[in-house]
Amino acid sequence: MNNFLTDTNRFVDKALKLTSISAGLANKIITCNSTYTVRFGVRLRNDIYTFEGWRSVHSEHMEPTKGGIRFDISTHVEEVEALAALMSYKNAIINVPFGGSKGGLKINPKDWDEKEIEKITRRFSQELIKRDLISPSQNVPAPDIGTSSREMAWIADEYRKMSPTDINASACVTGKPANKNGLIGREEATGRGVQYILREFFKHDDLVSSIKYSSGISKKSFILQGFGNVGYNASKFLTEDDGMKLIGIAEYNGGIYNENGLNVNHAKKFFVKHGSFENYPKGNFVKDGSLLLKRKCDVLIPAARENVITSKNAADIKTKLIIEAANGPISFDAHKILAKNKVFIIPDILANSGGVAVSYFEWVQNRQHYRWTLDRVRQELDHTMTQAFEDVWQMAQQSNVSLRTAAYIIGINRVRRAAELAGFAT
């Protein structure tokens with residue numbers, strides 16, 4: 001099994017060799033500052049159930065620290081720490097003034113009804129709030145795998161109860177419902193950011209010609225892996241706004257394929273209703289969804305979870321362009337194989353940073369006590385993502401490295417400068 005934390009650090013090490021950072025400071029940058037483990041009991045179904053969770057703070061070079069909370073039965077402390085590190089670099093790359101943090105609760109949300117999930121979420125929140133691991137000025141969570149605006153509303157409510165005089169209480173968490181001090185456009189933000197980055201790629205004729213593609217994003221085919229919030233929104237915007245053609249959707253329990261194109265909304269309604277793509281009327285059902293990753297397409301978009309492309313299947317990837325909408329979907333060893341096969345990769349720390357960018361906008365809105373419009377959110381996000389792409393592409397050209405290594409160089413250098421100015425590296 002691939003170790004996500006180890007792979008993340010290997011990518012960082014590769015970038016560190018191209019900087020002037022000393023070995024001691026490099027070690028400080030790589031190492032998570034702290035990880036808090038909590039085990040708490042909740043009375044449910046006439047019994048006491050014990051749950052285990054984590055909140056990891058990778059870097060406090062800027063505060064508050066920022067990063068989602070996932071509810072996932074397979075999550076573990078190493079995964080949470082790796083994701084916290086990614087958040088530090090991701091924030092730095094897009095110039096969002098946050099440090100990096102991440103949280104996880106080891107739970108299968110499907111095992112519990114809504115009232116039970118609410119009770120569990122509120123208890124987990126209490127454990128983190130009383131240790132300042134949820135705070136508008138110190139640590140600001142957001143949704144992740146297994147959580148949504150609903151859980152964020154419960155967390156915000158718990159913080160308000162425990163800090164009733166904090167005028168900025170609503171800024172303790174982002175990704176809240178719009179009618180609960182959330183930001184219109186936050187839910188679509190990560191998928192929208194993927195769209196903006198992919199658009200920017202196809203505006204660069206030198207990049208497009210390097211993988212022997214014709215110019216323009218319109219009519220390019222793509223296969224999506226993961227049909228959750230990020231995958232759905234990215235595919236919806238790319239097909240409806242940019243004229244791309246979705247030909248395959250891979251999910252954990254199977255997928256569908258239609259070389260003539262799939263309707264995103266029709267597929268989503270079917271999947272939500274049936275919980276599977278089996279017997280889908282407008283596409284061929286593929287029992288093993290992972291096989292769709294090996295199908296020919298112009299763009300492959302992994303949008304679910306880490307390590308879906310590894311050394312075992314990387315050589316079978318037929319696309320020449322991958323944009324990572326998920327965190328860490330390509331292992332370190334797989335990245336080397338893909339690079340050898342001249343597959344261009346737009347990395348996660350750049351491609352899926354739209355979510356944290358709009359989280360920052362929501363945090364600003366809550367601190368300003370002034371509501372942003374959807375047009376403003378989209379304009380600011382477009383500018384943020386476009387500028388980040390240009391910064392990373394320029395660094396890649398200057399240093400003759402991949403986009404991923406270039407992104408890490410930028411992120412590491414910005415974290416270093418902020419840490420030095422904050423006195424953390426002296």
Side-chain angles (χ1 to χ4, degrees), residues 1-35 54 56-59 61 67 70 74-93 99-102 104 293 300 302 304-317 322-353 392 395-396 398-416 419:
M1 180 178 177
N2 288 288
N3 187 308
F4 186 27
L5 178 59
T6 299
D7 271 3
T8 300
N9 286 339
R10 290 170 80 185
F11 284 127
V12 174
D13 284 338
K14 188 174 181 180
L16 279 167
K17 293 175 182 177
L18 299 171
T19 70
S20 59
I21 296 174
S22 69
L25 181 54
N27 184 62
K28 173 66 183 71
I29 289 172
I30 289 174
T31 306
C32 269
N33 286 4
S34 60
T35 300
W54 303 271
S56 181
V57 175
H58 172 258
S59 177
H61 66 284
R70 62 177 49 185
S74 64
T75 195
H76 48 86
V77 65
E78 290 84 4
E79 177 187 62
V80 173
E81 289 190 343
L83 290 166
L86 281 175
M87 287 306 303
S88 287
Y89 308 129
K90 192 181 298 184
N91 291 334
I93 289 162
S101 186
K102 204 74 176 186
L293 299 176
L300 178 61
R305 54 191 319 126
E306 63 270 9
N307 289 325
V308 296
I309 300 176
T310 67
S311 57
K312 294 180 180 179
N313 64 353
D316 297 322
I317 300 297
I322 300 175
I323 180 166
E324 295 182 321
N327 286 314
I330 302 174
S331 73
F332 184 86
D333 290 333
H335 192 278
K336 291 192 291 186
I337 295 170
L338 292 169
K340 184 178 178 181
N341 291 340
K342 300 188 183 327
V343 178
F344 193 94
I345 300 168
I346 305 176
D348 50 3
I349 52 173
L350 172 62
N352 70 19
S353 56
V392 173
M395 176 62 73
Q398 289 176 354
S399 304
N400 193 28
V401 294
S402 69
L403 229 59
R404 187 189 306 279
T405 300
Y408 273 111
I409 290 172
I410 290 173
I412 290 165
N413 280 328
R414 287 177 179 169
V415 169
R416 176 191 66 175

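This structure is a prediction, so every number in the text was calculated from the model and none was measured.
The pair D348-R404 meets the salt-bridge criterion, with a side-chain N (NZ, NE, NH1 or NH2) lying under 4.0 Å from an Asp/Glu carboxylate O. K102 has no carboxylate O lying under 4.0 Å from a charged side-chain N of E79, or vice versa, which leaves the two without a salt bridge.
Taking each heavy atom of A326 and P329 in turn, the nearest pair found is O-CD, 3.3 Å. Taking each heavy atom of S402 and A396 in turn, the nearest pair found is O-CB, 4.2 Å. The two atoms that bring S101 and M87 nearest to each other are O-CG, 3.4 Å, heavy atoms only. T8 and A82 get closest at one heavy-atom pair: OG1-CB, 3.9 Å.
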List the steps, then state whether side-chain contact (heavy atoms from CB on, under 4.5 Å) holds for I29 with V12. CA-CA 10 Å; I29 289 172; V12 174; 5.6 Å; no
Pair R416, L25 - check side-chain contact (heavy atoms from CB on, under 4.5 Å), show working. CA-CA 8 Å; R416 176 191 66 175; L25 181 54; 3.6 Å; yes
What's the verdict on side-chain contact (heavy atoms from CB on, under 4.5 Å) for I410 and M395, showing C-alpha distance, side-chain angles and the deciding distance? CA-CA 8 Å; I410 290 173; M395 176 62 73; 3.9 Å; yes
Would E324 and I330 satisfy side-chain contact (heavy atoms from CB on, under 4.5 Å), going step by step from the backbone distance to the final call? CA-CA 8 Å; E324 295 182 321; I330 302 174; 3.2 Å; yes
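Under a 3.5 Å cut-off, the side chain of T310 and the backbone N or O of N307 do not form any donor-acceptor pair. In this structure a side-chain-to-backbone donor-acceptor pair under 3.5 Å is missing from T35 to S56. In this structure, T405 contributes its side chain and V401 its backbone to no donor-acceptor pair below 3.5 Å. A donor-acceptor contact shorter than 3.5 Å links the side chain of N91 to the backbone of G99. Checking side-chain atoms of N313 against main-chain N and O of V308 turns up a donor-acceptor pair under 3.5 Å. N9 places no side-chain N or O within donor-acceptor distance of the main-chain N or O of T6, the cut-off being under 3.5 Å.
Side-chain atoms of V80 and L83, non-hydrogen and from C-beta on, never get closer than 4.5 Å to each other. For the pair I322/I309, a side-chain contact is recorded, criterion being any heavy-atom separation below 4.5 Å from C-beta on. Within the 4.5 Å cutoff, no side-chain heavy atoms of K336 are placed close to those of S311.
Checked against L300 for a side-chain contact (heavy atoms from CB on, under 4.5 Å), the options V343, I345, I317, I323 give a single hit: I317. Of the residues I409, V415, I349, the one that meets the side-chain contact (heavy atoms from CB on, under 4.5 Å) test with I93 is I349.
Between the side chains of S74 and R305, a donor-acceptor pair is found at a separation under 3.5 Å.
Residues passing the ring pair (Phe, Tyr, Trp, His ring centres under 6.0 Å) test with Y89, sequence neighbours excluded: H58, Y408. Under the rule for a salt bridge (charged side-chain N to carboxylate O under 4.0 Å, His left out), E81 has no partner lying at least two apart in sequence or in another chain.
Counting only residues at least two apart or on different chains, the salt bridge (charged side-chain N to carboxylate O under 4.0 Å, His left out) pairs with a member in residues 9-22 are D7-R10, R10-D333.
We find the CG-OG distance between L86 and S353 to be 11.5 Å, quoted to the nearest 0.5 Å. In this structure, CG on L18 lies 12.5 Å from CD on Q398, to the nearest 0.5 angstrom. Between N413 atom CG and L16 atom CG the span is 9.0 Å, to the nearest 0.5 Å.
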